[in-house]
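First the structure, in the form of structure tokens, and then the observations on it.
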Amino acid sequence: MRSTLLTLRWLQRLIGVALSGLAFTAASAVAAPRPQIVIVIPEGVGFELMSATEMAGLTDPVPAWGKSLGWTRIALTSYPATRMDRPTGESQEPKLVYNPDNAWSGSPASHPVPVPSTPAFEGYQWLADTAPDGCAAATALNSGISTYLQSVNWNNSPRGSGRRAESGSTLVEWASISGLSVGFISDMPIGHPAGAALAGLHSSTGEDRSHLIDQYLNSPTLNVVATAGHPQYNALGQAIPAPNFRWITQQQWKDLRTKARSNGWQVIYGDQNLLGINATPSADNPRRFIILEYGDTTEIELSGANHQQLLENLSASLRFQTRMALDYLDRDPDGFMAVIHMGRIPHLLGKGEIEPALRETAAAHLLLTEIQSWMRDHSANTAQSLVVTPLYEYGLIWGSESARFPFAQAVNRGKGRQPGIRINHAGPTNTLVPVMLRGPVTQFVSPLITGEDPVYGPYLHTTGLHTAIQRLFVSTQVMLNTPDTPDTRDNPMP
């Protein structure tokens, strides 16, 4: 179930892998463990939102957020190369680099402040004014480059135009080169820019949704794509009188239904049809493309009494499609990588919806718990790595008194009650974010530590997690006796 490779060099490597595999099989009767790499992205969930969810008892009875044995926990920076939304040509604006002294300053800020809607403390203002966006943070993870806002795996140089991240540099491409099947599962609509960056697509701007969707349909690396964004349904999964072509154009919708099979895709509409993903694939149609029955999940109306049930339904649907996708990807004898994206939390916090955001964070914890259960049930002769990162922190979440007292802690009101927390900034911040890891990938983290935070401890550079996973691929190829193993530099050419 190998993906089609685009370049002659990739084809040469594939032939080399096959020949080497034959020699290795003859030399050894013991098969190397199959890699299973799962990356979970609860977008925007920082340390404090995780802690508040735990205070409310929403993660019980499972130990919360990697606190059980076998997990490595570390922090990660998220700052971009520039706050511009186009390439500036700079490798890194120094003022954006994470600095604990700037981040934790509780001194009153000098007026006029750069972010008037955020409380006027130096630390708050600096964290809000040096933040990434979802695209830049996702690009740092997938391509290993620090870049500008709205970049979808696109470099910040040269000035004005930038350039596509080097071929073979994204984790998705590395997985495919390594012979693994690749899946992308998201609760956001198809064409969502941060999701596109996580799926390994490329664009100079996340606003070019049409171009991104075309890349999905023509992707040589993705085996399973599961998203929302069905134009004929709303977020409740109900049919709507007029199609919503916000995330997919009318022509692309037609192409998806009429031309997808010629590109090797089978289109499955709705959870009720997801069981078809485990039908025996034909030799000429080894891939699956899934669109949920849900429509635009970024425009969920939360004023009604049924919003909690709606969010629970959407979360349950994501867990179901994740299990189906993992079952399908697990058929590959060479292993797989799956990227699972939960993107609604920033939208909820942006609307000031704290209680739904807490429940959605708990849903991310439940998803992680079920993925761990699936991995335990499918652990025979596998090398399993599980990575959890939110990419960036949204909201500058602190206690209910944090507008008066900087970095005031959340008020624990007991299980079953919403903790006293406050949204101090309506947007991403430069706050350190948590990373939790299990499995072989953990051995590559410690050498990449770049600093020590007085509150959150040791942390990795924005691109450090990419490098750790990249080195995992290198070790996997060595383990499989793969020739021409890629080097461990950032963005190596294949």
Side-chain angles (χ1 to χ4, degrees), residues 38-59 62-67 71 73-78 127-128 131-138 140-141 185-188 192 194-195 198 297-298 300 311 314-315 318-319 322 339-372 386-399 402 409-410 418-419 421-437 455-456 459-460 462 465:
V38 181
I39 304 172
V40 182
I41 315 287
E43 185 178 348
V45 178
F47 283 101
E48 306 310 318
L49 192 60
M50 285 184 175
S51 177
T53 305
E54 189 176 359
M55 286 179 186
L58 296 175
T59 60
V62 181
W65 301 115
K67 292 184 178 179
W71 284 92
R73 292 166 57 92
I74 199 167
L76 178 75
T77 65
S78 61
L127 290 167
D133 68 351
C135 291
L141 172 63
I185 303 101
S186 176
D187 60 9
M188 288 287 96
H192 185 271
L198 291 170
T297 50
T298 66
I300 299 172
L311 291 176
L314 291 172
S315 298
L318 180 65
R319 293 195 303 274
T322 296
V339 180
I340 303 160
H341 172 226
M342 294 187 70
R344 281 196 300 273
I345 292 166
H347 295 275
L348 296 172
L349 292 174
K351 296 178 180 180
E353 298 281 358
I354 291 177
E355 192 270 342
L358 288 169
R359 293 195 174 276
E360 191 74 355
T361 305
H365 181 265
L366 179 57
L367 173 66
L368 177 61
T369 301
E370 293 197 5
I371 290 171
Q372 290 183 81
L386 179 56
V387 179
V388 185
T389 174
L391 300 178
Y392 62 88
E393 190 267 355
Y394 189 102
L396 199 56
I397 304 295
W398 285 98
S402 57
Q409 296 293 307
Q418 180 178 311
I421 59 173
R422 185 180 192 278
I423 302 168
N424 288 296
H425 175 64
T429 77
N430 196 3
T431 305
L432 292 179
V433 295
V435 175
M436 286 80 70
L437 312 100
V455 177
Y456 297 135
Y459 59 84
L460 304 175
T462 306
L465 189 54

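Everything numeric in this text was worked out from a predicted model, so none of it was measured.
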| message | Quick one, Pro434 and Arg73 - any side-chain contact, counting heavy atoms below 4.5 Å? | response | no
*Is there side-chain contact between Val387 and Val40, with heavy atoms separated by less than 4.5 Å?*
no
Under 4.5 Å between any side-chain heavy atoms of Val388 and Val435, yes or no? no
Distance col, row Leu49:CG vs Thr361:OG1, nearest 0.5 angstrom, shows 3.5 Å
Keeping Asp187 on the side-chain end and Gly343 on the backbone end, is there a donor-acceptor pair under 3.5 Å? yes
TODO: Kindly indicate whether the side chain of Leu318, heavy atoms from C-beta on, has any atom under 4.5 Å from the side chain of Leu367.
DONE: yes
- prompt: Does one side chain, of Thr462 or Ser78, offer a donor that lies under 3.5 Å from an acceptor on the other?
  reply: no
Residues Pro390 and Pro42: closest non-hydrogen pair is CB-O, 3.2 Å
Hits for ring-ring contact (aromatic ring centres under 6.0 Å, His included) against Phe47, two or more places apart or cross-chain, chain-then-number order -> Tyr456
The reported gap from CD1 in Ile354 to CG in Leu358 (rounded to nearest 0.5 angstrom) is 7.5 Å
* Under 3.5 Å: donor-acceptor pair, side chain of Ser186, backbone of Gly195 -> no
Tightest non-hydrogen contact, residues Ser315 and Glu360, listed as OG-OE1, 3.5 Å
Closest non-hydrogen contact found for Glu393 with Val433 is N-CG1, 3.3 Å
So CE of Met188 and CD1 of Ile41: to nearest 0.5 Å the spacing works out to 14.0 Å
### Task
Please tell me if the side chains of Ser402 and Asn424 come closer than 4.5 Å, counting only heavy atoms from C-beta onward.
yes
For a 4.5 angstrom cut-off between non-hydrogen side-chain atoms, does Lys351 reach Pro356? no
Correct closest heavy-atom pair for Leu76 and Tyr459 would be N-CB, 4.2 Å
Output for pair (Leu386 CG, Met436 CE), nearest 0.5 Å, gives 9.0 Å
Closest heavy-atom pair, Thr389 versus Leu465, reported as atoms and distance to 0.1 Å, is CG2-CD2, 3.6 Å
Side chain to side chain donor-acceptor pair (under 3.5 Å) filter on Glu43, not counting sequence neighbours, yields His341, Tyr392
When rounded to the nearest 0.5 Å, the distance separating CD1 of Ile423 from CD of Glu353 is 8.5 Å
Interatomic distance, CD1@Ile421 vs CD@Gln409, rounded to 0.5 Å, equals 12.0 Å
Tightest non-hydrogen contact, residues Gly395 and Thr429, listed as N-CG2, 4.2 Å
*Stepwise, does the side chain to side chain contact (heavy atoms under 4.5 Å, CB included) test hold for Leu349 with Ile397?*
CA-CA 10 Å; Leu349 292 174; Ile397 304 295; 4.3 Å; yes
Q: State, yes or no, whether a side-chain contact exists between Tyr394 and Ile345 at a heavy-atom distance under 4.5 Å.
A: no
**Prompt:** Going by heavy atoms in the side chains, are Leu366 and Glu370 under 4.5 Å from each other?
**Reply:** yes
Residues at least two apart in sequence or cross-chain that pass side-chain contact (heavy atoms from CB on, under 4.5 Å) with Ser51, listed by chain then number, are Met55
